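Comments concern the structure below.
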Amino acid sequence: MTDRLRVTELDFDQIKQNLKTFLQAQSEFTDYDFEGSGLNILLDILAYNTHYNSYYLNMVANESFLDTALLRDSVISHAKVLGYVPYSRKAPRATLNFTVVTNNTTPATLTIPKGFSFLSDEIDGISYNFVTLQETLVTKSNTNFTFLELPIHEGQLVTYNYTYDQQANPKQIFSVPDAGVDTSTLTLTVQASSTNTAIETFTLATDSSNVTTTSPVFYLQENRGERYDIYFGNNVIGKSITNGNIVSMTYLITNGTAANKANNFVATGTLADSLLNSQTNFIISPVGEASGGAERESVDEIKFSAPLQFTTQNRLVTFKDYESYIKKNYPAVDSVSVYGGEDETPPTYGRVFIALKPKQNYYLSDVEKQRIIDDIIAPKAVVAVQTIIRDPEFLYLLISSTVSYDPKKTVLTTDQLKTGIRNAILAYKATYLDKFDSKFILSKVQDAVDATDSNSIVGSKVSVRVQKRFKPSTDQSKPYTVYFNVPLRRGTISNKLSSTFFTVVDADGVDQVVQFDEIPQSFSGISGVNVTNPGQGFTSSPTITITGDGTGANAAATIVNGRVQNIEITNRGIDYTRATITISGGNGYGATAEAVIDARTGELRTVYYDNNAQRQIVDATAGTIDYDAGIVTINDIYIKSVSSTDGYVRLSVESEKGIIGTTKNTIVTLDIDDPTAISTTLETV
């Protein structure tokens, strides 16, 4: 007999069956036909009611926690408890040099008022309005008024006035009516009354610890209608407003990301100088294209950022503090990497390095970097710490795959199969790459290639080369250092480091189109010994013993003040792939050293091929390769021009490992515009 109901199921049919099973077990309903009776309808109602309540309670429970909440209103409420206000849409900002030509030298001043408009060139057929957000005054220099690095923001300035009625609005809450508002541009003033024109400016409170009972501040929150509300203090934390006050708010309504990259502007109005002369002759020179535009924060972004922002406690101390604070206040950034000067080579203490990858560009302009430092970071950063923003360094991947497949087991053409493989690799790129601290895993890519058409693809071999690009100075001779920052594979005759073409002058003064070429080494001796611990107490030169899988290497130590100063190789030996250094004798102790094997260092030369397809060497000692550190050092070279249209020289070499991670300001990516980035060869079985 079932003397109790099962309550673990939430499915409607199962709930109904549990009720039926329970009733059938009762003596009053023995042999009762539930399906053909009116009691079946009652069971439907009971099951529906139970199912409805369980669903409702499940949703209530989900919405009660930030991690599981789905509704924006619920997420906003949880974020508010953490002191987090989701960011609004952000207006793109451009910088320009604005010159007003007067053709006379009469002394005067000129003011560009707040709200002065500029119109951009068309982007996808639309020109965007940009305005100044504050007055700027300059004095005439010679015959011109010159405004250097004038900031302008995309959007339309609007102003709304509210008369405060204490009885109708006891909580002093005023709604911002526009969904496209950029709240960072919001300015607010309070006029005493319609008869008293005294005006006080209120600012957005960002740190309650600095707010007193009389501080003229206002607070911001997102409301349930996906708009923003402003509200005032209570004369305990912040100054309250009084009945009859006139609240005036001015802000920018922006199109967000749509106006990013806007450039080349024309002024749409006229100006008058201090002598009341109308000025219309303008010269506008863009300094930096529009950037920084962003859409309002999404639900997922709020759920991610709110706890992180809470842990910062309105400070910039740890790396995570910087990352969460920058993402909150500069949402146009796609990825952030922060590291200390102690991680530099050599260390530079007292500095914080920040690498930023914007969402719509590869790099930020110097003007935009400085604005981030001055307006966002400096007000919160530790005074003694210097902040430096660096551009990301891109490590490009060249993925080559050879795929064996059975054409009888697929309806796809070879082109369709190649397209599918390419799309699988690009999907991996979109999911796992293009960010700081990303990691490329070769085996995962190979799995994605094999899964493109699992019925026909028998297997595949995928290899990866890494590529770095540098832009040479074409007007001078200079050395270059290229940091791959990943272990590189030592070259062979058929697989070695190569580069794109560039022009140099050979020893006879003739221009030659050459490329860098790795010199394959047929032997691997000991190229050097690094002293890792000099030891102490040595009265004579100790014996240096080199053991490994090669033969013939010898070395001698130099002693200074009882310590091993250096160890010189007297015979490099041959056939070493690994070696151990042992220091003995000399009456001292504690000295240790490690061997540098030729297999882990290489050499570069510059070469070209003559009309007979014979290789000609222009410079036999053009540079060196440190395979372990992933550093290519190019000796002093004068590059007159490069073959690529973008002015970059590209160095490509196979990676030593199938897992390629990044550090500091390096991002692993695939250049989808590079036809060599993804290559596929199909073989039938």
Side-chain angles (χ1 to χ4, degrees), residues 1-82 84 86 179 221-227 295-311 406 409-412 420 423-424 426-428 430-432 441 443-458:
M1 173 182 290
T2 302
D3 59 353
R4 64 187 66 184
L5 283 169
R6 292 176 57 87
V7 295
T8 56
E9 286 84 4
L10 298 179
D11 179 71
F12 174 86
D13 292 330
Q14 191 62 50
I15 293 172
K16 181 178 178 181
Q17 184 59 45
N18 288 342
L19 290 172
K20 188 185 299 183
T21 301
F22 174 77
L23 292 176
Q24 287 175 336
Q26 312 304 313
S27 58
E28 294 85 351
F29 293 97
T30 302
D31 299 329
Y32 193 84
D33 183 9
F34 287 91
E35 296 299 330
S37 67
L39 190 57
N40 187 55
I41 299 176
L42 294 178
L43 289 178
D44 283 339
I45 294 174
L46 289 172
Y48 174 78
N49 182 68
T50 304
H51 178 72
Y52 179 88
N53 283 325
S54 64
Y55 174 81
Y56 176 77
L57 291 174
N58 181 66
M59 293 302 296
V60 169
N62 283 339
E63 297 301 312
S64 298
F65 301 94
L66 179 62
D67 286 343
T68 55
L70 299 176
L71 300 177
R72 185 178 183 91
D73 289 344
S74 302
V75 173
I76 294 298
S77 179
H78 293 305
K80 186 176 180 181
V81 174
L82 299 176
Y84 186 82
Q221 66 181 10
E222 185 175 329
N223 61 31
R224 295 178 65 86
E226 297 189 11
R227 299 290 194 273
E295 297 304 315
R296 69 184 305 160
E297 194 166 14
S298 68
V299 169
D300 288 338
E301 289 171 331
I302 297 170
K303 293 167 70 172
F304 176 79
S305 299
L308 294 178
Q309 182 72 8
F310 177 73
T311 62
D406 187 347
K409 295 183 179 181
T410 182
V411 297
L412 299 177
N423 290 337
L426 292 178
Y428 181 90
T431 304
Y432 298 106
I441 302 176
S443 62
K444 300 293 185 183
V445 174
Q446 187 162 343
D447 289 343
V449 170
D450 293 344
T452 302
D453 189 350
S454 57
N455 290 328
S456 66
I457 293 179
V458 177

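Small disclaimer: the values here were computed from a predicted structure and weren't measured.
- Just one residue in the list Thr410, Thr452, Asp406 forms a side chain to side chain contact (heavy atoms under 4.5 Å, CB included) with Ile457, and that residue is Thr452.
- For Leu23, the side chain to side chain contact (heavy atoms under 4.5 Å, CB included) test picks out Phe29, Phe34, Leu39, Leu43, with sequence neighbours left out.
- Residues forming a side chain to side chain contact (heavy atoms under 4.5 Å, CB included) with Asp73 (at least two apart in sequence, or on another chain): Arg224.
- Residues meeting the side chain to side chain contact (heavy atoms under 4.5 Å, CB included) test with Ser77, sequence neighbours left out: none.
- Between Ile302 and Arg72 the shortest side-chain heavy-atom distance falls below 4.5 Å.
- Under a 3.5 Å cut-off, the side chain of Lys409 and the backbone N or O of Asp453 do not form any donor-acceptor pair.
- Here the side chains of Leu70 and Asn62 are not in contact, with every heavy-atom distance at 4.5 Å or above.
- The distance from the CG atom of Asp11 to the OG1 atom of Thr50 is 12.0 Å, given to the nearest 0.5 Å.
- Taking the side-chain hydrogen bond (donor to acceptor under 3.5 Å, both in side chains) definition, one finds that Ser74 meets it with Glu63, sequence neighbours left out.
- A donor-acceptor pair under 3.5 Å is absent between the side-chain atoms of Asn58 and the main chain of Ser54, judged by distance alone.
- Minimum interatomic distance between Ala448 and Ala424 (heavy atoms only, all atoms of both residues): O-CB, 3.8 Å.
- The shortest heavy-atom contact between Tyr48 and Phe12 is N-CE1, 3.4 Å.
- Between Asp67 atom CG and Phe304 atom CZ the span is 12.0 Å, to the nearest 0.5 Å.
- For Lys444, the side-chain hydrogen bond (donor to acceptor under 3.5 Å, both in side chains) criterion is met by no residue, not counting sequence neighbours.
- Residues that satisfy the side chain to side chain contact (heavy atoms under 4.5 Å, CB included) test with Gln221, not counting sequence neighbours, are Lys80, Ile173, Asp229, Tyr231.
- At a threshold of 4.5 Å between non-hydrogen side-chain atoms, the residues Leu82 and Leu66 count as touching.
- Residues passing the salt bridge (Lys or Arg N to Asp or Glu O under 4.0 Å) test with Glu297: none are found, sequence neighbours excluded.
- Expressed to the nearest 0.5 Å, how far NZ of Lys303 lies from CZ of Phe65 amounts to 13.0 Å.
- Evaluation of the ring-ring contact (aromatic ring centres under 6.0 Å, His included) rule for Tyr432 yields Tyr428 as partners, not counting sequence neighbours.
- Applying the side-chain hydrogen bond (donor to acceptor under 3.5 Å, both in side chains) test to Asp450 and every residue at least two apart in sequence or in another chain returns Ser460.
- For residues 14-24, the salt bridge (charged side-chain N to carboxylate O under 4.0 Å, His left out) pairs, not counting sequence neighbours, are Lys16-Asp44, Lys20-Glu35.
- The nearest pair of heavy atoms linking Ala69 to His78 is CB-CD2, 4.3 Å.
- Rounded to the nearest 0.5 Å, atoms CD1 (Ile15) and NE2 (His51) are 6.5 Å apart.
- Here Glu295 pairs with Arg89, Thr257 under the side-chain hydrogen bond (donor to acceptor under 3.5 Å, both in side chains) rule; sequence neighbours left out.
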